Amino acid sequence: HPMYAADRSCVNSLAHANDLCDELGPGLGVTVDVYHLWWDRNLRDEINRAGRERIVAFQVSDWLVPTRHVLLDRGMMGDGVIEIPKIRGWVEATGYDGFYEVEILSAENWWLRDQDEVVQTCVERFREAV
């Protein structure tokens with residue numbers, strides 16, 4: 001995500017990741033993480049560019065509005081503004097059939113809850129919102 005450009009990452013778009021993979025050659029891949037990529041108006045084209053050969057994982061969480069912390073306030077799927085089913089459709093249209101990962105970094109909400117509740121909610125939300 002571009003909000004990490006100053007202090008966390010030098011690769012801040014799927015286009016940049018695809019460019020690096022093109023330059024460095026075979027054997028590399030990308031993770032389509034909706035939290036980091038949902039805002040990009042060229043996302044569909046870049047997912048197609050990556051294709052099944054390059055996509056190694058699909059990560060889901062949601063962008064909350066307002067967000068209290070860019071790293072540690074990721075929302076549970078369905079609680080934010082990301083159109084996860086649309087992006088999932090783009091990924092699956094490439095032929096991707098690999099891993100789907102739920103990544104909820106949530107210091108002030110989900111990390112404070114009972115683990116069984118969190119896992120149950122993840123399963124339910126994945127079925128409903130992904």
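Below, all heavy atoms of this structure are taken into account, side chains as well, without hydrogens, waters or symmetry copies. Values in this document were obtained by computation on a predicted structure and should not be read as measured data.
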Do [X] and [Y] have side chains that approach each other closer than 4.5 Å (heavy atoms only, starting at C-beta)?
X: Asn18; Y: Arg54; result: yes
X: Glu103; Y: Val60; result: no
X: Ile47; Y: Tyr96; result: no
X: Val34; Y: Phe58; result: yes
X: Met76; Y: Ser61; result: no
X: Val30; Y: Leu14; result: yes
X: Trp38; Y: Val81; result: yes
X: Trp90; Y: Asp45; result: no

Exercise. So, Glu46 and Arg49, do they make that salt bridge, N to O below 4.0 Å?
Worked result: yes

Problem set entry | Lys/Arg-Asp/Glu bridge criterion (N-O < 4.0 Å) met for Arg125, Asp62 | no

Are [Y] and [X] co-members of a hydrophobic cluster defined by side-chain heavy atoms under 4.5 Å apart?
X: Val56; Y: Val102; answer: no
X: Val130; Y: Ile55; answer: yes
X: Val118; Y: Leu112; answer: no
X: Leu28; Y: Leu37; answer: no
X: Leu71; Y: Leu64; answer: no

Exercise. Counting N and O atoms only, with roles assigned by atom type, does the side chain of Trp39 sit under 3.5 Å from a partner on the main chain of His36, one being a donor and the other an acceptor?
Worked result: yes

Exercise. If only atom types and distance count, is the side chain of Ser13 paired as donor or acceptor with the main-chain N or O of His16 below 3.5 Å?
Worked result: yes

For this session: Not counting sequence neighbours, which residues clear side-chain hydrogen bond (donor to acceptor under 3.5 Å, both in side chains) with Glu92? List them please.
Result: Arg88, Tyr100

For this session: Please list, chain by chain and in numerical order, all residues satisfying side-chain hydrogen bond (donor to acceptor under 3.5 Å, both in side chains) with Glu128, sequence neighbours excluded.
Result: none

Starting at [atom1] of [X], measure out to [atom2] of [Y] and round the result to the nearest 0.5 Å.
X: Asn109; Y: Asp79; atom1: CG; atom2: CG; result: 8.0 Å
X: Ser106; Y: Leu72; atom1: OG; atom2: CG; result: 8.5 Å
X: Trp110; Y: Leu105; atom1: CH2; atom2: CG; result: 14.0 Å

Exercise. Under 3.5 Å, is there a donor-acceptor pair between the Asn48 and Arg44 side chains?
Worked result: no

Exercise. Does a sphere of radius 6.0 Å around CD in Glu83 hold more than 12 heavy atoms from other residues, nucleotides or ligands, not counting ones at 6.0 Å or beyond?
Worked result: no

Exercise. Do Arg74's NZ or CZ and the ring of Tyr35 fall within the cation-pi criteria of under 6.0 Å and 45°?
Worked result: yes

